[in-house]
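Here the structure is a predicted model, which means the values were calculated and not measured.
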Amino acid sequence: MNSDYEPRKIEKKWQRFWKENKVFSCERSNKRKYYVLEMFPYTSGTLHMGHIRNYTIGDVLARYKLMQGYNVLHPIGFDAFGLPAENAAIEKNIHPQKWTYDNIRVLERQLKELGLSYDWDREVITCNEDYYRWNQWFFLKFYEMGLVYRKKAPANWCPSCQTVLANEQVVNGRCYRCDTEISQKELTQWFLKITQYADELLEEIENLRNWPSTVKKMQVNWIGRSYGMEINFRLSDDLTPIPVFTTRPDTIFGATYLVLSPQHPLLEKILVRNPGIKDAVERMKKDQLKKGEVEKEGIFSGFWAINPVNQEKIPIWIANYVLMQYGTGAIMAVPAHDERDFEFAKKYGLPIRVVIRPPGSNLNEETMSQAYVEEGEMVNSAQFSGLPSEKGREEISKWMQAKGMATPKVNYKLRDWCISRQRYWGTPIPIIYCEKCGTVPVPEKDLPVLLPSDVKITGKGGSPLSRVSSFVRCRCPRCGAPARRETDTMDTFVDSSWYFLRYASKKHDCLPFDPEEVNYWMPVDQYIGGIEHAILHLLYSRFFIKALRDLGLIKVGEPFKRLLTQGMVIKDGAKMSKSKGNVVDPGEMIERFGVDTVRGFILFAAPPEVDLEWKEQGLEGINRFLRRVWRLVNEELDRSGQEKVKVRAEFLEIYRSGLKGKERILQHMVNKTIKKVTEDIEERYHFNTALSSLMELVNFLYQFPDKGTSVYREALAILVLLLSPFTPHICEELWQRMGYEESVVKQRWPSYREEFLKEDEVTVVIQVNGKLRDKICVQAGMAREEVERLALHREKIKRYTQEKKIKRIIYVPDRLVNIVVE
RNA sequence: GCGAGGGUGGCGGAAUUGGUAGACGCGCUAGACUUAGGAUCUAGUGAGGCAACUCGUGCGGGUUCAAAUCCCGCCUCUCGCACCA
């Protein structure tokens, strides 16, 4: 019998076996389903350690659930549209399509080398015509529903990517992808009305019980719902209304000035009368494009406003700290009770008026050093003075509403999703512009609008498609007159918002998916990916699913039941990156140690949600462990011969009552390990502790004297089964060598029995005054009095209790005795 | 600034409900086998101390028979948001 562990050899063998026998292909059935999904890779470059970690975690779950008897859907595909393909075209003069497909081929090969349990028949590639045509189809459906619209608006423009970006894609004023500073550009863009779902997106977050709270919190903040009032101030000279939004109408009597955003429409009028401030306004506009907080700056507009509640005349300022995008682009400033207004008022010497008094104390406008933003008692507020601010807020709102001064208003930070991209490598937006008929959607029967292949990509001068006249020129589907096609393509986040539905229904061509299939498999039971998509992809997908539900295409309203955001793979304390030179090539590691070792290390080194420090010595540790397992099994085969080792499909000895001595201890050990591994996978995804308990079992088996018995051999078989989701190749090989014919994947996951978990003897800790002084070994379940008597008679304990009065004795059954003296 | 999550040996990390702190692995030390060992096996390994013991989970307090775990205050690190009215 060959007893060298040669990982590369057996890994190739079993990968071929899985493929040829279609071990992981799945069909809808009446079995319990389990849909495990990892975020699909973007098709640039090769796989890095982060991918490997992501897919390994998913693979453990998929294999475990298979052995648990679930009908498991575990698919993979490629996020294939996007800008890097165009950059490659510019830099290397390769067509984006060729570049993408070349990369896909490499990625496929790499993925297959990892021995992942994918159903490859369900592969989805988003740049394929049979995929992106459905993006267009959804677009048309959304258009009919009024969920998609076009408007001219200031857009986030990335000068490097030469395209606009959605709000979510701007991080600290920079492009989420290339880190270039974003500028604003007035453009006509297509938007998806995600704000229509703002309330539902927000409210359903709390039902996502198995999502990390950080991600949920981030989404809540991103949606940013706040309740308040829109109050109408007006200009003092004419009656032009100036609506402002506030969440604190209870502070309105403390409003000492008004502030307009430098982009406020009233500026037009103001600048006519007061052209001297134009430069300052322009400068403030620029300030607002900067990331982060800038020094507050403002200028008096020369105009005055009237406070509707007391007819007071207050100055109107223009300042860089008021954003046009939120609320009405104008605020009432209450410096005494708002930190920003306070800072601004101090800087410009504007009046401060206290209208909320902290409970039990007073505020002095002259001496206060910061705004008081908490609740309190209303003062200086006419008939509302004396009310608690919470109550006053309601009263004053009702009163203003009755007087027609204000209306209740809900504001969101979330804005509609801009999906237009002035790029080539994406889904063409299926719209035609006709002189006579205006904006006309491409009829469904004319889909797909194919992306032309003969395009020059230069990265300059607007959308590449606009220069392909054969694409642009078309006929109006309504009147037949010559017309022009939309040349923007869709944001690639559209592609990733529904790819998991396509997986669930292979090759359906009259609809984006077969609703029956999708209703069977959805929702995704476990989604795994990086935290960087906490907002972007995860919010867009949630929105998409809700929209498709409202279209009647699917039943579920949330796509991902449980979410795991895995930590990064770091080295020398930093994220792996080319610039730092700390990148570890997965291929090289696999070549040297084998896939099972790489997988094992990733799973063992840290729990999945925390960052993982890459240490080659750790790899050696796992490799050593696998070789120990290998040796343990092969030595047994050499000793007793293969035939004798083969045990029945049901383990009989390990579950037999009445075992004695060492066999009883082994039985206990095996049962304990089954329980531990099962619970660590099932409940906590703590694969590191699952593996450590398997290591303990292996250490135990090494020391076990009576090798060759049925109990021992069954223990080995169970070890192989328990280890198989983590390091499947070596386990398949060992399983086969043990004489089994069916793949390890097809085996039932071992179960444990409660009765064998109990220990016959337990160690009871003896403390005196809470300090550990001694330990005794007693029969499990021994009576309290008996244990206490034994404890008190120990020599070591007597030393501490002699001549002292025993106040009480705390007893925790089978664990601890604490003797409290004096 | 606001919000969230961390801080445990030389290192990665265990300790699931308050009940033996440091499982498991790495590293290290010693020994065995060996021509050899960067293979393998055995033993040891939180700190101090000859020992009995003492100290020990970021720091300081508290609750409790008992605290890494609960409470209060502080320090520090990471992440997210950053003028959202």
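Using a 4.0 Å heavy-atom distance criterion, Gly224(A) is classed as making no nucleic acid contact. Among the atoms of the strands shown, only primed sugar atoms or phosphate atoms (P, OP1, OP2) are found under 4.0 Å from some heavy atom of Arg628(A). Asn411(A) comes within 4.0 angstrom of nothing in the nucleic acid, heavy atoms only.
Between Trp317(A) atom CH2 and C83(B) atom P the separation is 21 Å, expressed in whole Å. Taking atom CG of residue Asn688(A) and atom P of nucleotide A14(B), one finds them 5 Å apart after rounding to whole Å. For the pair Ile531(A) CD1 and A4(B) P, the computed distance is 15 Å after rounding to whole Å. Rounded to an integer number of Å, the gap from NZ of Lys571(A) to P of C11(B) is 18 Å.
If you check U20(B), G80(B), A66(B) against the side chain of Val765(A), the one that comes closest is U20(B). Of the candidate nucleotides C65(B), A14(B), A85(B), A14(B) has the atom lying nearest to any side-chain atom of Pro607(A). Of the candidate nucleotides G19(B), C24(B), C83(B), C24(B) has the atom lying nearest to any side-chain atom of Ser692(A).
Using atom P as the reference point in both A67(B) and U20(B), the two lie 11 Å apart (nearest Å). Here, G13(B) and A21(B) have their C1' atoms 13 Å apart, quoted to the whole Å. Comparing G25(B) with C74(B), their P atoms sit 42 Å apart, to the nearest whole Å. Straight-line distance between the P atoms of G1(B) and U69(B): roughly 27 Å, to the nearest whole Å.
Proximity of a side-chain donor or acceptor of Tyr257(A) to a complementary backbone N or O of Leu350(A) within less than 3.5 Å is not detected. Side chain of Asn769(A) to backbone of Val821(A): a donor-acceptor contact under 3.5 angstrom is found.
Glu390(A) and Arg393(A) are not joined by a salt bridge, as no carboxylate oxygen comes within less than 4.0 angstrom of a charged side-chain nitrogen. For Glu588(A) and Arg592(A), the salt-bridge test passes: some basic side-chain N is under 4.0 Å from an acidic carboxylate O.
In textbook terms, a nucleotide whose glycosidic angle is within 90° of 0 is syn, and G9(B) is one such case.
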